[in-house]
Amino acid sequence: MGIEILFLLLPVAALSGWWLGRRGRIQRENDSGLELPSDYIKGLNYILNEQQDKAIDLFIQMLDVNSETVETHLALGSLFRRRGEVDRAIRIHQNLIARPTLNKSQRALALFELGQDYMRAGLLDRAESLFGELVDSAPHSEAALHHLVEIYQQEKDWGDAIKAAQRLEQSAGLNLAYMVAQFYCEQADQALRQGEPSRALKLLRRAMNEDRQCVRASIMEGDIERSAGNYKAALKAYQRIEQQDPEYLSEVIQPMLECYRALQRTDDAINYFNTLLEKYAGISCMLVLADLIEMRDGEQAATEFITRFLKQRPSVRGMDRLIELNMGQASESVRDKLHVLKEVTDQILANKSVYTCQHCGFSGKSLHWQCPSCKHWNTIRPIHGVEGE
Ligand SMILES: [Zn+2]
């Protein structure tokens, strides 16, 4: 792999940097008789003997750094990085930066490239300090801030991530409120794990101030209030999700039921869930209603309710529950057959992903606010359809 790169680079180096840098000397040497550039031959030998690192050292020496060859160095470095040979890219860029002949903008560009090498190599601290230097130099400021936001996320340094994102919003005219709100939620999550729910609530309020549509803040606020026994406040937070993004209501149906029960308002629960079911036909909502109807009016009423629903909107989870209900009422021979059916629905549901990323298609069984695969925020949603929600 390395060999083909260097062969590829020979004409580049020869045409741009090396040749330009050497031309003067060769011409002078020609005056006293032709002399072949022996470094060049040596370099070729290293390549042929697969001693690529020696070859690179030689090329670095051969390429005098001047305004004409800086481009070649940069091209070489970024080529290595793109091919995953980060150590080599780092060597080339570090060598470049060490040269006193670079002008200010060339130096900034080389630093920017080196920062990207460090990121690629996972040397986040070093990348962070380089990009930190570059945020004030005009041509790289925005790109450096982009990288900083990414680095702080990887380091889970949410406070600095918020500052960098807000600065990026200002300088690039971007709207990153949805992301900043998620960073506040991450801080709230940290506060919760440190046993500080009231600090967490304050951070969630900041998240909501950034992004009114932040479903995660509502869910977290509801969970905190519910654990503290503040069921009314919890319900209020959970119910906000209908206005924010009703697709996520399935996440809070069970917690809402728990709140209604604690407040001894199951009739209100039935009314509220019925309204939601009419509007969105969600399966989680239907199943909770079926349970409530079973408790209030018996198995038969619950069976009829689910059957009516499934005629309008087929669903494996609905069918699974219907089979369960029928097993309770069935004779022994029918029950055996229902068992077989139940095993089928169980298997379908066991292998089924429940969430998927709208950006990259990643899917899984748990809800991530940041996609583990493409790292986008707010792109993972519950899957709808026959086998889903
Ligand atoms: Zn994704």
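Owing to the predicted nature of the structure, the values given are computational and were not obtained by experimental measurement. Both counts, for ligands and for their atoms, begin at 1 and track the order of listing.
Because the distance cut-off is set at 2.8 Å, His359 fails to qualify as a neighbour of the Zn ion (ligand 1), as none of its N, O or S atoms comes that close. Residue contact annotation: His376 places no N/O/S atom under 2.8 Å from the Zn ion (ligand 1).
To the nearest 10 degrees, the Zn ion (ligand 1) sees SG of Cys374 and SG of Cys371 at an angle of 110°. When SG of Cys357 and SG of Cys360 are joined through the Zn ion (ligand 1), the resulting angle is 110° to the nearest 10°.
The 12-atom threshold is exceeded at NE2 of His368, counting heavy atoms of other residues, nucleotides or ligands nearer than 6.0 Å.
Inspection of the Arg216 and Gln182 side chains reveals an N or O donor paired with an N or O acceptor under 3.5 Å.
Taking a cutoff of 4.0 Å between a charged side-chain nitrogen and a carboxylate oxygen, Arg317 and Asp320 do not qualify as a salt bridge.
Between Tyr260 and Tyr272, the angle of the ring planes lies from 30° to 60°, which puts this pair in the tilted group.
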